[in-house]
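Everything on this sheet refers to the single structure shown next.
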Amino acid sequence: MNVTRAMGAAMRRIHVGNALSAFGLGFTVPYLYVYVAQVRGLGAMTAGLVLAVFAVAALIVLPFAGRAIVRRGPLPVLLAALVTAALGALSLGLAGSAWSVLLAASALGAGQAVMQPALATMIVDCSSADTRSRAFAMQFFLQNLGLGIGGLIGGHLVDTTRVSSFTLLFAIEAAMFLLLVAVMATVRMPHSPRLEDAPASAKGSWKRLLGNRAMVQLCVLGFVLFFACYGQFESGLSAYGVEAAGISTSTLGTALAANTLMIVVAQFAVLRFVERARRTRVIALVGLIWAVAWVAAGYAGLGHGSQEMATAAFVSTYALFGLGEAMLSPTVAPLVADLAPEGLAGQYNSAFALVKQLALAVGPAVGGPLGASLHAPYIVTFVLFSLGITYLALRLGRQLTAVQDQPWSVRASRVVSRGGAAAETVGAEA
């Protein structure tokens with residue numbers, strides 16, 4: 001089925017929304033710790049609590065967000081999340097006490113967390129099986145571009161000696177969310193199944209989801225993916241780089257830039273391959289790529305090469321992670337959508353977002369101390385986790401139907417069979 005003109009117009013606004021939200025977050029996320037601990041003078045403990053509050057707020061609201069998306073549709077839920085996030089961002093820029101900072105952070109964290117499954121469900125509703133992988137690839141591309149540009153501009157605006165510069169930063173973030181409200185309010189969503197439209201067997205919601213063996217296995221796989229990659233970027237891996245490899249803070253910035261650049265360059269280059277391969281084999285290949293990335297990190301910190309070689313190996317680690325991320329973005333999210341029963345895409349997207357938040361909460365707590373002090377065990381642990389991704393992906397492949405694991409081949413075979421039938425008919429008529 002071709003995407004209608006109305007669905008295409010809605011999708012363009014959704015992509016604009018993704019870029020705007022990422023741009024706004026890019027302004028503040030890299031500087032949040034410095035703002036709370038140093039600029040507001042609230043100390044490292046409060047700054048750490050603020051980062052923890054983001055994760056806790058997400059874990060609290062996501063189980064309810066999925067139900068709300070299913071009952072009300074993703075657009076009203078997204079608009080409510082954006083207004084909440086805007087209020088949280090503005091309050092954070094004005095907050096001067098520990099309690100006000102924590103309350104503002106909880107509002108921003110809750111709103112930000114709910115945006116993810118709401119936008120993902122809107123992409124599902126506005127795409128077909130033929131276009132879904134490309135739509136999620138575009139989402140990921142724009143998110144990284146927005147985060148990168150926002151962080152770059154924000155870095156030139158902030159001044160740690162002036163609270164007002166950070167207030168401006170949070171005000172710009174709030175303005176981005178409110179601008180996104182205006183943009184998304186114009187979206188005309190196609191009718192999509194809701195809970196009341198779904199068959200009775202689909203209304204068990206969480207119980208039905210937990211009974212879906214393939215979805216449970218995908219959630220376990222997702223936890224390992226996010227734990228072994230995103231959960232280490234700014235915690236364990238950066239601590240390991242500084243302590244074991246002697247990496248400077250400027251090199252850490254270069255490594256993160258290499259990660260973003262790889263995603264931007266590789267995203268659409270790998271898409272043709274990803275769309276035609278089995279999804280679980282793509283994920284399995286990502287596990288192998290990330291295992292190589294961790295070996296490169298091991299060389300950077302544990303090898304006996306020059307500092308230049310160690311720096312090159314460390315930057316390569318982040319670039320290889322970016323290659324894997326570019327392969328995952330058009331693979332995992334469409335698979336979640338294809339596993340969801342009719343009318344429950346919002347529930348499944350929220351469940352997967354919840355798994356991601358759990359991994360992002362646990363990852364730094366485990367990886368940070370390990371990467372800072374136990375260098376060899378840290379590398380060995382995450383090489384094994386990466387190989388575990390490969391194993392879990394291949395195991396998941398045995399639970400999926402052909403349509404779920406390789407939808408392109410099924411569509412292609414249908415086209416061929418129709419063409420063959422047509423040729424036979426023409427031959428008979430001749």
Side-chain angles (χ1 to χ4, degrees), residues 1-5 7-8 10-12 14-15 18-19 116 119-145 190 214-215 217-218 221-222 225-226 229 259-290 319-340 345 348-349 352 389-390 392-419:
M1 182 183 73
N2 293 323
V3 179
T4 66
R5 185 175 298 178
M7 290 169 69
M11 185 66 78
R12 284 190 291 275
I14 293 167
H15 286 324
N18 272 304
Q116 299 176 35
L119 282 166
T121 305
M122 290 176 74
I123 290 176
V124 172
D125 290 347
C126 292
S127 63
S128 65
D130 294 335
T131 61
R132 195 159 293 148
S133 292
R134 191 164 294 270
F136 277 106
M138 177 62 77
Q139 179 201 32
F140 191 67
F141 171 83
L142 291 173
Q143 281 179 342
N144 280 275
L145 196 62
M215 184 60 191
Q217 287 192 17
L218 180 59
L221 173 59
L225 282 168
F226 293 117
C229 177
N259 175 264
T260 301
L261 181 62
M262 176 62 82
I263 292 169
V264 170
V265 171
Q267 184 63 84
F268 294 102
V270 302
L271 188 58
R272 186 176 294 274
F273 159 72
V274 169
E275 285 181 321
R276 284 160 172 72
R278 289 184 180 275
R279 287 167 169 169
T280 50
R281 291 183 182 176
V282 171
I283 301 171
L285 179 58
V286 169
L288 295 178
I289 291 171
W290 285 358
L320 287 169
F321 274 127
L323 177 60
E325 292 172 74
M327 295 169 67
L328 288 175
S329 63
T331 305
V332 175
L335 181 53
V336 173
D338 287 349
L339 287 175
Y348 276 55
N349 282 324
F352 200 75
I389 290 169
T390 300
L392 290 171
L394 294 175
R395 185 165 174 255
L396 174 63
R398 296 195 289 270
Q399 295 289 332
L400 302 180
T401 65
V403 175
Q404 292 166 341
D405 201 18
Q406 196 177 15
W408 179 84
S409 66
V410 175
R411 293 194 296 273
S413 66
R414 286 173 181 168
V415 170
V416 170
S417 65
R418 289 195 198 103

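Count residues from 1 along the sequence.
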* If you take all heavy atoms of A319 and M262, which pair is closest and at what distance? -> O-CG, 3.2 Å
* To do: Not counting sequence neighbours, which residues clear side chain to side chain contact (heavy atoms under 4.5 Å, CB included) with A393? List them please.
  => L221, I283, A284
* **Partner set under side chain to side chain contact (heavy atoms under 4.5 Å, CB included) for L400, not counting sequence neighbours** => A214, T280, L335, L339, L396, Q404, D405
* Shortest non-hydrogen separation from A340 to A345 and the atoms involved -> CB-CA, 3.8 Å
* **Pairs where residues 131-142 contributes a residue and the test salt bridge (charged side-chain N to carboxylate O under 4.0 Å, His left out) is met, not counting sequence neighbours** => R132-D338, R134-E275
* Taking atom CD of Q399 and atom CD of Q217, what is their separation to the nearest 0.5 Å? -> 4.5 Å
* To do: Could you grab the distance from atom CD of Q139 to atom CG of N144, nearest 0.5 Å is fine?
  => 10.5 Å
* **Residue pair L285, F273: steps toward the side-chain contact (heavy atoms from CB on, under 4.5 Å) verdict** => CA-CA 12 Å; L285 179 58; F273 159 72; 4.2 Å; yes
* Asked: Any side-chain hydrogen bond (donor to acceptor under 3.5 Å, both in side chains) pairs touching residues 321-333, not counting sequence neighbours?
  -> Y230-E325, N259-E325, Q267-S329
* Working for side-chain contact (heavy atoms from CB on, under 4.5 Å), residues L323 and V270 -> CA-CA 9 Å; L323 177 60; V270 302; 4.1 Å; yes
* Check: A19 main-chain N/O paired with Q143 side-chain donor or acceptor under 3.5 Å -> no
* Asked: Taking side chain as C-beta onward, heavy atoms only, is C126 less than 4.5 Å from I14?
  -> yes
* Structure fact -> Across all chains, not counting sequence neighbours, the ring-ring contact (aromatic ring centres under 6.0 Å, His included) partners of F141 are F268
* State, to 0.1 Å, how close M327 and V286 come at their nearest heavy-atom pair, and which atoms those are. => CB-CG2, 3.8 Å
* Under the ring-ring contact (aromatic ring centres under 6.0 Å, His included) test, which residues partner F321, sequence neighbours left out? -> F233, W290, W294
* Partners of L261 by side chain to side chain contact (heavy atoms under 4.5 Å, CB included), sequence neighbours excluded? -> V265
* Asked: Do F136 and V336 have side-chain heavy atoms sitting under 4.5 Å apart?
  -> no
* Structure fact -> On a heavy-atom basis, the closest approach of A337 and V124 is CB-CG2, 3.5 Å
* Structure fact -> CG of L271 to CZ of R276, rounded to nearest 0.5 Å, is 9.0 Å
